There are 2 protein chains.
Amino acid sequence: MGVGKRSITETEKAVQERLGDIPLRREQMAAVSNIYRAATAVRQHLENSVLREAELTWTAFTVLWEVWIWGESETRHVAEDAGISKGTLTGVARTLESRGLLTRTQHASDGRLVLLALTPAGEELMARVFPAFNAEEAFVTEDLSPAECLKLADGLRKIVARLEAKGEERREELLAGEAPKPRRSGRRPRNGAAG
Amino acid sequence: MGVGKRSITETEKAVQERLGDIPLRREQMAAVSNIYRAATAVRQHLENSVLREAELTWTAFTVLWEVWIWGESETRHVAEDAGISKGTLTGVARTLESRGLLTRTQHASDGRLVLLALTPAGEELMARVFPAFNAEEAFVTEDLSPAECLKLADGLRKIVARLEAKGEERREELLAGEAPKPRRSGRRPRNGAAG
DNA sequence: AGTCGATCGTTTGGGGCCGTACGTTTTCCG
DNA sequence: CGGAAAACGTACGGCCCCAAACGATCGACT
């Protein structure tokens, strides 16, 4: 040992002491906190190995991957599937374009749309990088059997599906009546109330 | 349907077409990609419900939680357990301090160390927010039985443990001989090489 | 043809986040 | 006692990320 990490069991015990009589959903807590731990660990591993060597960030890789798999795509779909906001995509796509990995073209009939597509260089890069990426996916899950991987994927899919189906409803329920408490971010109104 | 999302099954099929003859580790890919999807979905749900109402970001909450559970702590331990860099913690802690939720004090005998502790206001906030947080952890996992949650947590823990044990070794192996490809980030040298 | 609301991608502002550089303090080893 | 090495928290550069504002475009309805 030696590292400053506390085990999940220790943590749960300390939490129970803090909460005292309030019943704690331990299994659910363990599942959720481990999702985040695993996601962080996997992402860092990949960013510091395969993606580092290719000089790609996680997000940039995700965007390239979407366009690689699905071919020429509208930006809104890429942002949705990549799980980032459209504003983020604008910047990432611009960077990738400047590196000659993808192109941005106007849609033929709808002037509002922008289409993303890989350049030959982008295709080559993905053909080289993705097998290595998948090999690391296999590496990080090596202590799990393929069947266990599927079971894991299944459980996670249920969580995602539940949030997609009922997350918004739930959030509205929770905020019912309360002030929406705007986030500190976001662009400011041009002005207006001067004076 | 209706939304622009493609299912995992569709994605896997398209990937197989792209990769053709290259053998693909499908189960592992499904597991890893779902980890990230689930982590993003859960985080967004919590940020937009419980944490929004408390005006906390995910990271800020994580930091408060660590200090809440373990009491007065050295910053390096908090950063480690929260899964963020020490540089990030400096900023987050400063923000929380300015909001009167935690204090930063010098260690008595080791002048290099800084200790974090919750203020009474911080204690109150966590006593109020954490039960709600845990309730949402239960909500997102409601389609899984407690036993399934534990199984899920187990599988994820194996991944984290594997990366902790063998991740660094693996990364060195992969980069063997190659140029380390420095990241574009990081502070610049004060100067030096002028002329 | 003209208006108006919806939808698109982009811009903008605030903050999170990492990794490197840096100055300070402590510890190690003569 | 003194200098080197190690460890700490902070400053900073660059990118990611979101949400709201914004201008361009589209579509429906008149």
Side-chain angles (χ1 to χ4, degrees), chain A residues 4 39-40 43-44 47-48 51-52 55-63 73-80 82-99 104-116 180-192, chain B residues 4 40 43-44 47-48 51-52 55-63 73-80 82-99 104-116 180-193:
Chain A
T40 303
R43 174 173 170 161
Q44 281 191 359
E47 281 187 332
N48 288 324
L51 298 185
R52 167 89 69 124
E55 302 199 76
L56 292 173
T57 62
W58 177 274
T59 305
F61 174 77
T62 305
V63 168
S73 305
E74 301 170 15
T75 58
R76 58 197 168 137
H77 292 145
V78 175
E80 169 95 27
I84 60 178
S85 72
K86 51 188 188 161
T88 299
L89 180 56
T90 296
V92 173
R94 186 160 26 219
T95 299
L96 292 172
E97 186 184 29
S98 76
R99 285 182 54 185
R104 281 141 41 96
T105 55
Q106 288 266 323
H107 189 282
S109 59
D110 189 334
R112 297 170 302 179
L113 303 181
V114 171
L115 300 173
L116 302 183
K181 297 247 192 183
R183 261 219 183 193
R184 187 83 56 219
S185 67
R187 181 172 176 169
R188 291 300 143 75
R190 170 176 302 240
N191 157 42
Chain B
T40 304
R43 175 174 171 160
Q44 282 190 357
E47 282 187 333
N48 288 325
L51 298 184
R52 166 90 67 130
E55 301 199 76
L56 291 173
T57 63
W58 176 275
T59 305
F61 174 77
T62 304
V63 168
S73 306
E74 301 170 15
T75 57
R76 59 199 165 132
H77 293 323
V78 174
E80 166 95 27
I84 60 178
S85 73
K86 50 188 187 161
T88 299
L89 180 57
T90 296
V92 173
R94 190 167 16 227
T95 300
L96 292 172
E97 187 183 28
S98 77
R99 285 182 55 185
R104 281 139 44 95
T105 57
Q106 287 266 322
H107 189 281
S109 59
D110 190 334
R112 296 170 302 179
L113 302 182
V114 171
L115 299 173
L116 303 183
K181 297 245 190 184
R183 260 216 182 198
R184 188 85 57 219
S185 69
R187 180 172 175 169
R188 290 303 156 73
R190 169 175 305 242
N191 154 44

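Chain letters run A, B, ... following the sequence lines, proteins first and then strands; every chain starts at 1. What you see is a predicted model; the values in this text were computed from it and never measured. Side chains are part of it too, since the values below use all heavy atoms of this structure and drop only hydrogens, waters and symmetry mates.
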- So what does A:Thr90 touch, heavy atoms closer than 4.0 Å: a base, only the sugar-phosphate, or nothing? base
- Query: Would you say a side-chain N or O of A:Arg104 is under 4.0 Å from OP1 or OP2 of C:dT10?
  - Reply: yes
- Task: Round to the nearest Å and state the distance from A:Arg43 atom CZ to C:dC17 atom C1'.
- Result: 9 Å
- Query: When we call it a touch if two heavy atoms are under 4.0 Å apart, what does A:Thr40 touch: a base, just sugar-phosphate, or nothing?
  - Reply: nothing
- Task: Give A:Thr75 one of three labels, base, sugar-phosphate or nothing, depending on what nucleic acid heavy atoms sit under 4.0 Å from its own.
- Result: sugar-phosphate
- Check every strand shown and say whether A:Thr59 touches a base, only sugar-phosphate, or nothing at a heavy-atom separation below 4.0 Å. sugar-phosphate
- Of the nucleotides C:dC8, C:dT24, C:dC22, which one has an atom closest to the side chain of A:Lys86? C:dC8
- Task: Provide, to the nearest angstrom, the distance between the CG atom belonging to A:Leu115 and the P atom belonging to C:dG9.
- Result: 9 Å
- Is the shortest side-chain N/O distance from A:Asn48 to OP1 or OP2 of C:dC18 below 4.0 Å? no
- Comparing B:Ala60 and A:Gly91 on DNA chain C - which has the more 5′ nearest nucleotide: A:Gly91
- Query: Could one point to a donor on the side chain of B:Arg112 or the base of C:dT24 with an acceptor on the other under 3.5 Å away?
  - Reply: no
- Message: Whether B:Arg94 contacts D:dG9 is assessed here as follows: a side-chain N or O lying under 4.0 Å from the phosphate OP1 or OP2. Is that the case?
- Response: no
- Do the side-chain N or O atoms of B:Arg187 get closer than 4.0 angstrom to the phosphate oxygens (OP1, OP2) of C:dC22? no
- Query: Would you say D:dC18 has OP1 or OP2 under 4.0 Å from some side-chain N or O of A:Ser85?
  - Reply: yes
- Message: On DNA chain D, compare the nucleotides closest to A:Gly87 and B:Thr88; which residue's is nearer the 5' end?
- Response: B:Thr88
- Query: With a 4.0 Å cut-off on heavy atoms, is A:Gly111 in touch with a base, just the backbone sugar-phosphate, or nothing at all?
  - Reply: sugar-phosphate
- Message: From CD of A:Glu55 over to C1' of D:dC16, roughly how many Å is that when rounded to an integer?
- Response: 17 Å
- Query: Tell me: CH2 of A:Trp58 to P of C:dC18, nearest whole Å?
  - Reply: 15 Å
- Message: Categorize B:Gln106 for me: base, sugar-phosphate, or nothing, with a 4.0 angstrom heavy-atom threshold over every strand shown.
- Response: nothing
- Short side-chain N/O contact to D:dC16 OP1/OP2 from A:Thr57, under 4.0 Å: yes
- Task: Specify the separation, in whole Å, of atom CG of B:Leu51 and atom P of D:dA19.
- Result: 13 Å
- Item | Short side-chain N/O contact to C:dC18 OP1/OP2 from A:Gln44, under 4.0 Å | yes
- Message: By nearest atom, which of the nucleotides D:dA19, C:dC18, D:dA7 is closest to the B:Ile84 side chain?
- Response: C:dC18
- Quick one: A:Leu113 CG to C:dT10 C1', roughly how many Å, whole number? 14 Å
